[in-house]
Amino acid sequence: MPAVLGFEGSANKIGVGVVRDGTVLANPRRTYVTAPGTGFLPGDTARHHRAVILDLLQEALTEAGLTSQDIDCIAYTKGPGMGAPLASVAVVARTVAQLWNKPLLGVNHCIGHIEMGRLVTGAMNPTVLYVSGGNTQVISYSEHRYRIFGETIDIAVGNCLDRFARVLKISNDPSPGYNIEQMAKRGNKLVELPYTVKGMDVSFSGILSFIEDAAQRMLATGECTPEDLCFSLQETVFAMLVEITERAMAHCGSNEALIVGGVGCNTRLQEMMAAMCQERGARLFATDERFCIDNGAMIAQAGWEMFQAGHRTPLTESGITQRYRTDEVEVTWRD
Ligand code: MG
């Protein structure tokens, strides 16, 4: 029964998780939260992660009731993500692996999300919508690859929401997206925004520019409220995501959809996806914030699958990479 320790720190969350044969034994996490109106910069974020990572490691082991001897493999996020945070966390993973004399595994962050979603929900072969601050992809598994059917051609949907939150000076605690979601519930006027689906791909940067502009104009004249803009932004970008997910499901003849990534815990997105799935006679799977927001257990779980399939990352190849596409990894652990 191998136990795998996973380190995640590719953006503003730092997490250490322990997974043993499909059971999450521990999954503590901290978030680097910056002042309203600001985002998180790579250097500051890395400093935050370095300050808390050893406490988190101890916390994870204690919570799991394990010692270093019980750990069979150290998994860490190889990429994609921000360079400085990724590098800081990888240094700790490499050091721990050498101190404890354990094998090391570099994990693709996106695949961590997918494997965690599959584990928690029990979805067998879902069409995956991966939506977060850094990523927006529609993915379907075929012949040992997680293949990308559609994706953003510029910024991620979560980045669009986060940056609009900065315009409105919405709090980043617990996350800008969560606070937009709460404000959107109180909006009732739908402001028309660009709808930019291009084949199977989507684009969000033009929508962001448009709504930044609209916010200046319409809030000054009282034409609409900040809540109306949050509501309109969510309705528009989520409709785009539902559309490309549905098209991928139709193409693959899929009857399961799985939402992963930090934006995946938005209940309005889940509701819109569920309505689409119901009309198709398909099932929607989603997880809550513990597992859809970046966490250590998702890296441990993908690591566990890779470890069982015989993967190992030699020390000489245990670097990080800011760009690492989901379809670059050969998925040897699935049929
Ligand atoms: Mg992520």
Side-chain angles (χ1 to χ4, degrees), residues 6-17 19 24 27-33 39-40 42 45-46 48-49 56 75-90 93 106-121 126 128-139 146 148 151-152 155-163 172 174-178 202 204 237 241 245 258-266 269-270 285-303 305 320-329:
F7 288 98
E8 155 60 28
S10 60
N12 72 330
K13 267 74 77 179
I14 170 84
V16 183
V19 169
V24 177
N27 199 18
R29 171 175 66 201
R30 303 270 194 287
T31 305
Y32 174 53
V33 176
F40 51 93
T45 307
H48 168 268
H49 292 0
L56 271 180
Y76 73 98
T77 305
K78 180 184 170 76
M82 285 179 145
L86 281 171
S88 290
V89 174
V107 172
N108 179 295
H109 177 88
C110 315
I111 288 184
H113 275 298
I114 297 170
E115 295 305 345
M116 196 71 214
R118 290 178 64 225
L119 173 69
V120 171
T121 66
V128 179
L129 175 65
Y130 171 29
V131 276
S132 67
N135 294 280
T136 302
Q137 296 178 339
V138 176
I139 300 156
Y146 284 114
I148 301 168
E151 61 191 316
T152 179
I155 59 173
V157 63
N159 190 247
C160 179
L161 295 168
D162 292 354
R163 285 162 68 175
N172 291 323
S175 73
Y178 177 83
V202 284
F204 298 107
V237 297
L241 296 170
T245 306
L258 169 66
I259 316 178
V260 300
V263 182
C265 53
N266 186 299
L269 174 60
Q270 291 183 8
F285 297 90
T287 64
D288 63 33
E289 51 85 29
R290 291 170 300 167
F291 302 115
C292 73
I293 295 176
D294 292 349
N295 63 88
M298 69 185 227
I299 301 305
Q301 172 59 16
E305 295 279 11
I320 57 111
T321 170
Q322 286 174 265
R323 299 192 182 277
Y324 189 12
R325 281 175 67 81
T326 314
D327 53 12
E328 279 178 51
V329 178

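Just the heavy atoms: all of them, side chains too, but no hydrogens, waters or symmetry mates, feed the values below. Whatever order the structure lists them in is the order used to number ligands and atoms, beginning at 1.
In this structure, the separation between CG on L119 and CZ on F291 is 8.0 Å, given to the nearest 0.5 Å.
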Could you give me the CA-CA distance, side-chain angles and deciding distance for N12 and H48, then say whether side-chain hydrogen bond (donor to acceptor under 3.5 Å, both in side chains) is met? CA-CA 9 Å; N12 72 330; H48 168 268; over 6 Å; no
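Ion pairing of K78 with E328 is absent here, as no side-chain N (NZ or NE/NH1/NH2) approaches a carboxylate O to less than 4.0 Å.
With waters left out, the protein N, O or S atoms under 2.8 Å from the Mg ion (ligand 1) add up to 3.
A side chain to side chain contact (heavy atoms under 4.5 Å, CB included) with V128 is found for one member of V138, T326, I259, L258 and no other, namely L258.
Checking side-chain atoms of N108 against main-chain N and O of R325 turns up a donor-acceptor pair under 3.5 Å. A side-chain donor-acceptor contact under 3.5 Å links R29 to the backbone of I293.
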